[in-house]
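Since the structure comes first, as structure tokens, the remarks are kept for the end.
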Amino acid sequence: MTDQAPQTPDKVSPEPFIRIIELHKWFGEFHVLKGINLSVNKGERIVICGPSGSGKSTLIRCINRLEEHQRGRIIVDNIELTNDIKNIEKIRVEVGMVFQHFNLFPHLTILENLTLGPIWVRKLPRPEAENLARYYLEKVHIAEQAQKYPGQLSGGQQQRVAIARSLCMKPKVMLFDEPTSSLDPEMVKEVLDVIIQLAKEGMTMLVVSHEMGFAKSVAHRVLFMDFGQVLEENTPQEFFSNPRHERSKLFLSQILR
Amino acid sequence: MEDASITLQATEEVRPPVTNIGALGWVRQNLFSNPFNSLLTLLVAYGLYRTVPAFIKWAFINAVWWSDSQACNQAGGACWSVVTRNLRFILFGFYPYDQQWRPVFSLGLLAAVVVYSSFRRNWNKRLFVVWAGGLALIGLIMHGGIFGLPSVETEKWSGISLTLLLSIFGVAAAYPFGVILALGRRSRLPAIKTLCVVYIELIRGVPLISMLFMASVMFPLFLPEGITVNKILRAQVAIIMFTAAYIAEVVRGGLQATPRGQYEAAESLGLNYYLKMRLIILPQALKTVIPPTVSILISAFKDTSLVVIIGLFDLLRTTHVTLSNPEWMGFSTEAYLFTASIYFVGCFVMSNFGRRLEKKLKT
């Protein structure tokens, strides 16, 4: 894969890895998602943006069932998400998630944070899990922090650990829920660099983010959401230079000011 | 020259003003910082002056330690002889005199189990085996009837061994039971949730005394003819059920204080409910609630003295019985001070352990 910005049809396989069909969700009376249709192919990278409250986080949280949908279908890796807890757990193993607030486990060291999933869910022997953890810590450039606790790390470091923690489960797709929104400005780059690196290696990902430069350099598609609907679906170049929908124009004019 | 003195000044450490350090500074800052505090200091000092020397004189200087009650009546101070002369009865009650090494041995075993449990590296499944085994062994030794030990009916188990058995096993069983109740109360399954809510609210709405009464008076009425459940066991179960309800509510507080994100992170790794709770949520929640938990355990320890109400002879009761002996009547202050100090040591150990644990688990 080349380093150049927009890579459109490179390694995306035509087989849809995630299929979302007519997805509806309500929070009480509030209709958050109003009929979302989306399929994500293997190797595809999608950036979702939109104003707060538009339902973008809820959408990706439905994919690993942190939120329950009420109507429509979600199929991940040929497994349909239903109330069957076994299916949900199977899908969660394949789907990595990175949160806005990192959500590292504060009572465990960095290394323990990383090995927990592989040991208890993947059933790897401890030494093997630790090797895996060190490999990914190396990859996110914080191998030297392995024995510290999350509270001793900066926000940027914590988020990189969180990414490594997800990667240790060898997920087939990664979900990023505003991964840089709660970081100090100077730490945004170190986290984005790690995600871009991951993108170059061909990871399938859905990213909720407002980082325009990032979206341009990694995304195959940009989805613009508001009012619980996908209002525009476009290539990043087109979306940022020539948005089609009135609402996306307004949104872009506001964040690019 | 000018230059040199400037650099010197810059590197020289600035010392705090003299009034803030040393004994004088401490006194001024903590005891006489303003007129009101000065007045309080003087009042407290006067109060101490009036009470402490008098108490020391009574408790130590004029006290008698090993005399008979005759000498006690003539002494001007405390009569500790009431304790020393009756020590074995106060501690072991009606347990046969020549067999009292058995409660001593059991208490040693109990202490060993407690010490074993206080090490973090032993916090695993084997801990349950150790407790169950310890309980069984203590029961065997106390009750006898095998290994050539003469059998001692449970009616004769009394004094400190009864108090400690009831409280330590009560607490050890109530804690895991309470955690399970707390998890049940937060369950999504309505049947389990309702069951736990009803249990907790019912138990919390009833005084311990009435639970003990029910256990000793009402419960046997429901049993078929000829079947009896040991009285101590019934009291023990009542204490466990009572304490567990309180622990459940405290633990629930800890579960609710654990951020939503921790649950989500655990779930998104694919951990199932059991692993999520055991590895991620409970370690954090239980740590958060150490202070109120220790409070509950302390009050459970002290509440075991309520078993006198159903005719069990715990530490407080054996003290009381000692004092009803005409020879030792009238020395209740000394005897109760002794009993109180035993309770205090137990409680103090618990709260110290809690504090140490908090410090150790701090991250």
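Every chain is numbered from 1, with letters handed out A, B, ... down the list of sequences.
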Practice prompt. Nearest 0.5 Å please: distance from the CD atom of Glu264(B) over to the CZ atom of Arg61(A).
Written response: 4.0 Å

Item to complete: Answer yes or no: are there more than 12 heavy-atom neighbours, outside Phe348(B) itself, under 6.0 Å from its atom CZ?
Response: no

Worksheet item: Around Tyr135(A), counting heavy atoms of other residues, nucleotides and ligands shown, do more than 12 lie under 6.0 Å from its OH?
Response: no

Worksheet, complete the sentence: Nearest heavy-atom contact between Pro106(A) and Gln284(B) is CG-OE1, 3.3 Å

Discussion item. Between Leu104(A) and chain B, with a heavy-atom cut-off of 4.5 Å, which part of the residue counts as in contact: side chain, backbone, both or neither?
Written reply: backbone

Worksheet item: When you measure from the side chain of His107(A) to the backbone N and O of Leu361(B), does any donor-acceptor pair fall under 3.5 Å?
Response: no

Discussion item. For the interface with chain B, which of Val93(A), Val98(A), Leu116(A), Ile85(A) has the highest count of heavy-atom pairs at distances below 4.5 Å?
Written reply: Leu116(A)

Worksheet item: Could you state the interatomic distance from CG (Asn272(B)) to CD1 (Ile88(A)), rounded to the nearest 0.5 Å?
Response: 12.5 Å

Worksheet item: Can you tell me if CD on Glu80(A) sees more than 12 non-hydrogen neighbours from other groups inside 6.0 Å?
Response: yes

Item to complete: Under 4.5 Å heavy-atom distance to chain B, tell me which part of Arg165(A) shows up: side chain, backbone, both or neither.
Response: both

Fill in: Shortest non-hydrogen separation from Tyr273(B) to Glu89(A) and the atoms involved
N-OE2, 4.3 Å

Item to complete: Pick one of side chain, backbone, both or neither for Phe105(A), based on which atoms fall under 4.5 Å of a heavy atom in chain B.
Response: both

Worksheet entry | Side-chain (Asn64(A)) to main-chain (Ser268(B)) donor-acceptor, under 3.5 angstrom | no

Practice prompt. Provide the closest heavy-atom pair for Glu267(B) versus Arg92(A) in the form atom of the first, atom of the second, distance.
Written response: O-CD, 2.9 Å

Worksheet item: About how many Å separate CZ of Arg260(B) and CG of Asn103(A), when rounded to the nearest 0.5 Å?
Response: 10.0 Å

Worksheet item: With only heavy atoms counted, which part of Leu275(B) is less than 4.5 Å from chain A, the side chain, the backbone, both or neither?
Response: side chain

